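Model, not experiment: these values are computed from the prediction. Naming: A, B, ... by sequence-line order, numbering from 1 per chain. Any value given below was found using the heavy atoms of this structure, including those in side chains, with hydrogens, waters and symmetry copies removed.
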Amino acid sequence: MLVAAPVLVTVVQAVQGGFSAARATLGTQSTLTLVLHSIEVAAAAAPICAVLGVAAAWFVERTTLPGRRFWAVIFVAPLTIPPFVTSYAWAYFGPAFQGFVGAAGIIAFTYWPIVFLLVMVSLRGLDPALEETSRSLGLGGWKTFFRVVLPQVRPALYGGLLLVVLDALIEFDAFVGLKFQTFSFDVYAQYQLGFSPSGAAALSFASIGLCLVLLFGEARLRGYANYTRVSQGAQRALHRYGLGRATIPVLLGLAAVSAVSVGIPIGMLVRWFSESSSAALSTASGNLKYLLPATITSVEMGAAAAVIGLMLALPIAVAAVRSRGLVVTTLERMTYLSFGLPDLVAAIALAYAASHWVHVAYGTFALLAFAEAILFVPFAVVALRASLGQLEPSLEESARSLGSGPFASFWRVTMPLIRPGLAAAAVLVFAFTLGDLSTAQVLLPVNLYTLGTEFNANSSTVAFAAASPFAAVLIGLALVAAFLLITRFGRVRTATGR
Amino acid sequence: MADLRCSAIFASYDRRAVLAGVDLLVPEGTLTAILGSSGSGKTTLLRVVMGFVAPDSGVVSVGERVVADGGRINIAPDKRAIGYVAQEGALFPHLTVAANVGFGLPRSERKTRQRVEEALDLVGLERGYAERLPQELSGGEQRRVALARALAPRPAAVLLDEPFSGLDAALRAETRAAVLGALAATGATAILVTHDQAEALSTGREVAVLRDGRLVQTAAPAVLYRGPIDLDVARFVGEAVVVAGEARGGAVTCVLGTLAVRGEAKDGPVQVMIRPEQIRLAPTSNGRVAARVVGHSFYGAETELHLELMDGSASAVVARTFDDGGVQIGDQTSVVVEGPVAVYPA
C-alpha cells in the first residue's frame, strides 16, 4: 500500500481537479503528440535492448569469451551511470543526436543492461541436460539456441523489456540535454508553469493507462510459467562454447557496444575536462567547495533509499516467489504501477500528500529517501526474486521442523543465503537514486544539494567544465556500483552439492 | 519419543483430493516405511504430519498431543517437535556441520557442543567433521548430518523423505546401516517415505502401502510380501507370477500343480500369486510340471529364468533361483513350487 501511495494520491489530485479539466488537458493535440513520441522511443529502444541484452548475456555466461568478468561490469555500467549525464554527453555530439535518434539511443544504450542482467541469471540456472538432449536429437547450435535456450530465458527477457519500456515511457532525466520532447516533458511543463497539480496528475493517467496495458500484456505473454529447474541432484557446470575464430569479431562487436553505452558519457567527461580553458577551470575550482557536501548528501540519500527500498521490496519479493495467487500477483504488479508514474508526478504526489496529511514529513530528507525508494522498488524486487527463486524450499522447512518459527527461520537460513541478492538490490536502488534528478529537484530540502542537482545546474548553463567534477564523482560511484552489482546479482550462497 | 497417529486424514492440493482417509499408527520407538509410487500422495502425507499442509479433516497426534485436527487445530511446524530429514538432506549451505546439527538446539546447548557431538557420534561421524561445510561432504555424509541435525533436539518423532535416494549401492548400504542404527539407538519413532520396495521392506518394522491417497495395507514386511491384500499390492511390492486356479479345501489346483494356500480361501475359481523365488527347477520326472527355458539373466546372487510351461497352456512363468543347474535357453526342465501361495477371488 505504501508503495502504491503515489498512484493513489495522483488519482485523488486528478479527481479534485475535476474531470473536465482532466479531459481538456488529455485531449490537446500537443499531449497526444508527446505521448506518441514516448511510445515511439520505447518501440525503437526495446528491440535493441532485447538483442544486445540476450547476446551479451549469452557471450558472458555461455562462451569462453576472454575477460568475462570485465565485460560484465562494463555491460552493467550504463545502468548505474546517471541518465542525465549520458543525456548531456549525447547532446554534445550535435543537433542530429538531440532529436528522436538521440532519445531512442540513450534509452536503448542506458537500459539494455536490465535485459542483460536478468537473462544472464536465467541462463546460469538452465539445466545443461536440456541443451545436450537437443543436440543429441540432431539440432545444431543455432537451432538449439532458438528452440531450447531462448524459450527458457523468455520470462527473464519479457520481464527485462517490461522494465525498459516502462522506463522509456516515463523517462525525463535522460532527455534533459536534448531538444526532444516526450510525454514527461509535458508533465514537467504543467508543473513548471504553476498549473494546479491536477493537470500533471491527469496527464499521468495516460501513462498509468499505458502501464496497465503493458503489465497485462506481459503477464499474458509470460503466462504463469515457472521455468526454474525441476530436476534435483548436484548441479553440473554449464558447458561453455569455444568462440574460436569468432573471438576477435565478437570482442570488436562488444567493444563497439560498450563504446556507445559507456564510452560516450565517459569520453565526453574527459573531453569537458581537457577542453576547458583555465578560465573554465577556475569556475570549476570555485565549484569544488560544493563537491564534498554534494557527494555526502548524494551518498546519504542513496543509502537511505537503499535501506528503505530493501524493507519495502523484501516482503513483496518473498510473497511473489512463494505464493502464486491472484492477490500476490496483483500486489507485485502494484509496485510496477507506481513505476509507470513519471518520477516527477510521483514526487509531486508525495509532496502533496505530505503537505496535506503528514505535514511533519514535508520538505524533509526522510520524505525524499522514501520517494526514491518507492521509485526504484521494482528493481529491488527483481534483484531479490532472482536470488530467492533459487533457494530450495526444503531448507526453510528443515529449519521449521527444528523448532525455528517462520521469522526466525527466514532470518537464520534465508537471509544469509540471499545476502548477495540483498546486496544487488541495495546497489540498484543506491545507483538509481544517485542518478535521479527530477525527484530530487522536487523533494530536496531547500538547504541541500546533490551531485545530480549541481551537475544539472551547471550543465544547463553550458558550464560543462564546472559540471564535470560532479559528473566524475557520479561516474566513479556508478562504476563501483556496477562492479558490486555484477558480482552479486542473481547469486545465492553456494548450495549443497557434490 | 512417543507414538505417532494419523486418523482419517483427508487432504487436497489445488482442489484435487490427494489423501482420502489415511489411518496410520506408528508405535513408539518403531519405524514405519510408507511405500507409494509417485503421485500416490506420500509427500502430501509427510507434509500434513510436518504441518506444512493442513488436512481438510482428520487428526494427527504425537503421543497424547493433537497437532492437527481438520481446520480446528493446526500447530505450526516449529512447535510440533517432529524432526525432518529432507530428500538429499537440505543442509544449510552457509553453516558448518556443527552449526547445522546445533541449529535446533537452545543457545546454551549450542555453545557447549556436547549435544552436537553426541548427535554426530550417533550417526557415526567423527568429531573432525564438525567444522566442515556441507559442500565438503559426500552424499552419504550429508544424509547422516541431516539425521543428526533432526535428532539433536530430541524430537518426538522423525520423518525421513527418501533418505537414501541418489546414493550408489555401496554408499546406500553403509548410510542405511548408520541411519537405522542411530534411529534404533535413540528409540526414535520414525516414518520413512520411499518409492523403493526393497528399501521399504528392509527398513520398516511395518510397511504401509499408499495408493491413490489411501493406505491399502499396513503390515510387517514379510506378511506384506507373502500375503499382499490384492494383486496390485502383490505386484507393487515385488515380482509376481499369477495364474488361474481352482481352490478346494485349503489347497489350490493350477498349471503348477496342487499347492498349499496361505491363510483361508473360499472354494471356487481363484487367481494364484506365486513369488518367483518360490519356483525351483527340479530334475524332470513323471508328475512334475515340464517347462522350457526361454530367457536367462544372471544377477550374481540369483538367476532369473523365464520359463514357458509345456502343458499346452504355454503359460509364462518367472523363477528366481540361486542354483539354475546350468540350464540354457531352449533346455527342458521341470519346476516345483515351494511354500504356500496367496490366492485372490477370480
Next on the checklist: Does any backbone or side-chain atom of B:Arg149 lie under 4.5 Å from a heavy atom of chain A? Answer side chain, backbone, both or neither.
Outcome noted: both
Checklist outcome for this item: Turns out that what part of A:Ala408 lies under 4.5 Å from chain B's heavy atoms comes down to neither
Checklist outcome for this item: Tested for side-chain contact (heavy atoms from CB on, under 4.5 Å) against B:Pro77, the lone hit among A:Arg400, A:Glu397, A:Glu396 is A:Arg400
Item to check | B:His94 side-chain N/O to A:Thr414 backbone N/O, donor-acceptor pair under 3.5 Å | outcome: no
Checklist entry - Is the CZ atom of B:Arg132 crowded by more than 12 outside heavy atoms at less than 6.0 Å? => result yes
Item to check | A:Ser394 and B:Gln87, any side-chain heavy atoms less than 4.5 Å apart | outcome: no
Checklist entry - What salt bridge (Lys or Arg N to Asp or Glu O under 4.0 Å) pairs are there with at least one residue in residues 179-191 of chain B, not counting sequence neighbours? => result none
Next on the checklist: I'd like to check B:Phe103 versus A:Val413 (side-chain heavy atoms, cut-off strictly below 4.5 Å). Are they in contact?
Outcome noted: yes
Item to check | B:Phe52 versus chain A, the contacting section by heavy-atom distance below 4.5 Å | outcome: side chain
Checklist entry - Can you check whether A:Leu417 reaches B:Pro93 side chain to side chain, under 4.5 Å on heavy atoms? => result yes
Checklist entry - Do the side chains of A:Ser401 and B:Asp78 get nearer than 4.5 Å, heavy atoms only? => result no
Next on the checklist: A quick test of your reading: do over 12 heavy atoms of other residues, nucleotides or ligands sit less than 6.0 Å from CZ of B:Phe164?
Outcome noted: yes
Checklist entry - Looking only at heavy atoms, what is the nearest atom pair of A:Leu395 and B:Leu91, with distance? => result CD2-O, 3.3 Å
Item to check | Residue list, side-chain contact (heavy atoms from CB on, under 4.5 Å) with A:Phe70, at least two apart or on another chain | outcome: A:Ile74
Checklist outcome for this item: When every non-hydrogen atom of B:Pro153 is compared with those of A:Leu402, the smallest separation belongs to CG-CD2, 4.0 Å
